[in-house]
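Both backbone and side-chain heavy atoms feed into the values below; hydrogens, waters and symmetry mates do not. Numbers restart at 1 for each chain; the letters A, B, ... are given by sequence-line order, proteins then strands.
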Amino acid sequence: MTILVYDVDEGRIRKAKLKDYVEIVKALMQLIPEGRVSTYGSIAKALKINPKLVGKIVKMNDEPVIYPCHRIVKSDGSFGGYSGLGGTIFKKRLLEFEGVKVSKNGKILSEHISDIMDLLC
DNA sequence: CATCGAACCAACC
DNA sequence: GGTTGGTTCGATG
């Protein structure tokens with residue numbers, strides 16, 4: 001099952017492209033409150049796409065502050081990448097600043113991680 | 001727990 | 001057609 005979108009310019013239904021997913025992911029990211037994170041996998045599941053694509057998508061995010069791509073992490077609690085200024089280190093510090101606690105082995109405590117679908121409710 | 005490899009799907013070459 | 005991602009999941013030491 002693939003996601004379809006209505007393309008206003010072309011005036012027809014077509015399969016979603018990466019640019020469309022970017023818009024969706026932007027909206028989803030804004031649902032994640034401070035001190036809480038979601039995972040590439042849960043977003044991938046929601047959009048029916050490959051988790052690796054989610055990485056690519058959040059990377060295309062043009063407004064890193066407005067759309068908090070740093071609140072998306074790997075499902076095992078490790079941080080995943082960050083292409084913005086400061087890289088993964090900055091991502092880590094940013095999350096800790098927002099109140100996310102990290103265990104000694106460098107993993108985010110599971111209490112902070114929620115499925116993106118749960119945040120929709 | 002840590003590491004390994006196969007598998008996911010759209011873009012790009 | 002093949003490679004490439006800010007990855008995942010299950011299997012194995």
Side-chain angles (χ1 to χ4, degrees):
Chain A
M1 175 179 177
T2 57
I3 303 281
L4 299 178
V5 297
Y6 176 69
D7 189 317
V8 178
D9 296 327
E10 295 186 32
R12 66 186 183 85
I13 303 284
R14 58 163 174 71
K15 281 206 288 191
K17 294 185 299 194
L18 226 50
K19 276 172 62 178
D20 305 311
Y21 290 126
V22 171
E23 297 305 314
I24 301 171
V25 170
K26 275 183 185 175
L28 290 178
M29 283 191 296
Q30 290 183 304
L31 296 176
I32 309 175
E34 257 187 46
R36 186 149 282 284
V37 300
S38 191
T39 67
Y40 298 100
S42 82
I43 292 177
K45 205 172 38 175
L47 299 187
K48 307 266 197 279
I49 61 176
N50 187 316
K52 291 177 87 173
L53 278 186
V54 178
K56 200 169 225 176
I57 290 162
V58 297
K59 187 178 179 179
M60 295 185 202
N61 165 18
D62 35 345
E63 306 273 357
V65 179
I66 301 180
Y67 306 107
C69 48
H70 60 277
R71 293 191 195 139
I72 303 179
V73 300
K74 289 204 198 185
S75 59
D76 65 353
S78 50
F79 285 88
Y82 189 69
S83 54
L85 198 64
T88 305
I89 303 296
F90 179 68
K91 177 175 183 174
K92 183 179 178 196
R93 293 199 48 199
L94 202 48
L95 288 173
E96 287 178 326
F97 174 77
E98 291 182 345
V100 171
K101 293 194 178 62
V102 178
S103 71
K104 226 163 200 176
N105 57 15
K107 302 272 179 84
I108 294 170
L109 300 186
S110 59
E111 50 178 303
H112 295 292
I113 306 176
S114 42
D115 192 295
I116 194 71
M117 289 313 242
D118 295 337
L119 295 174
L120 283 173
C121 304

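- The interatomic distance linking A:Met60 (CE) with B:dC9 (C1') rounds to 13 Å, in whole Å.
- For the residue pair A:Arg71/A:Ser38, the side-chain donor-acceptor check at 3.5 Å is not satisfied.
- In this structure, A:Asp20 atom CG and B:dC9 atom C1' are separated by 15 Å, rounded to whole Å.
- Using a 4.5 Å heavy-atom cutoff, the side chains of A:Lys92 and A:Ile89 are not in contact.
- When distances run from any side-chain atom of A:Thr39 to the nucleotides C:dG6, B:dC9, C:dT8, the shortest one goes to C:dT8.
- Counting atom types as modelled, A:Tyr40 pairs a side-chain N or O with a base atom of C:dG6 as donor and acceptor under 3.5 Å.
- The distance between atom OH of A:Tyr82 and atom P of C:dT7, rounded to the nearest whole Å, is 15 Å.
- Residue A:Ile72 contributes atom CD1, which lies 15 Å from atom C1' of C:dT8 at whole-angstrom precision.
- By the 4.5 Å heavy-atom criterion applied to side chains, A:Ile32 and A:Leu119 are counted as neighbours.
- In terms of phosphate contacts, A:Ser83 brings no side-chain nitrogen or oxygen within less than 4.0 Å of OP1 or OP2 of C:dG6.
- To the nearest angstrom, C1' of C:dC9 lies 13 Å from NZ of A:Lys45.
- Separating the CD1 atom of A:Ile89 from the P atom of C:dG6 is a distance of 17 Å, rounded to the nearest angstrom.
- A:Lys91 comes within 4.0 angstrom of a nucleotide base, judged by non-hydrogen atoms across all strands.
- When distances run from any side-chain atom of A:Lys52 to the nucleotides B:dA11, B:dC8, B:dC9, the shortest one goes to B:dC8.
- A salt bridge links A:Asp115 to A:Lys45: one of the charged nitrogens lies within less than 4.0 Å of a carboxylate oxygen.
- In this entry the distance linking CG of A:Leu53 with C1' of B:dA7 reads 13 Å, nearest Å.
- Nucleotides of DNA chain B nearest to A:Asn50 and A:Asn105 differ in position, and the one nearer the 5' end is that of A:Asn105.
- A donor-acceptor pair is defined here as one N or O able to donate and one able to accept, closer than 3.5 Å; no such pair exists between the side chain of A:Lys91 and the backbone of A:Gly86.
- The residue A:Leu18 sits close only to the backbone: its heavy atoms come under 4.0 Å of sugar-phosphate atoms, none of a base.
- A 3.5 Å limit on both hydrogen-bonding distances identifies C:dG1 as the Watson-Crick or G-U partner of B:dC13.
- The A:Pro51 side chain lies nearest to C:dT8 when the options are B:dA2, C:dT8, C:dG6.
- Here A:Lys59 reaches the OP1 or OP2 of C:dG6: one of its side-chain N or O atoms lies under 4.0 Å away.
- Of the candidates C:dG6, C:dT7, B:dA2, C:dG6 carries the atom nearest the A:Lys56 side chain, counting heavy atoms from C-beta on.
- We find that OH of A:Tyr21 is positioned 18 Å from C1' of C:dG6, with the value rounded to whole Å.
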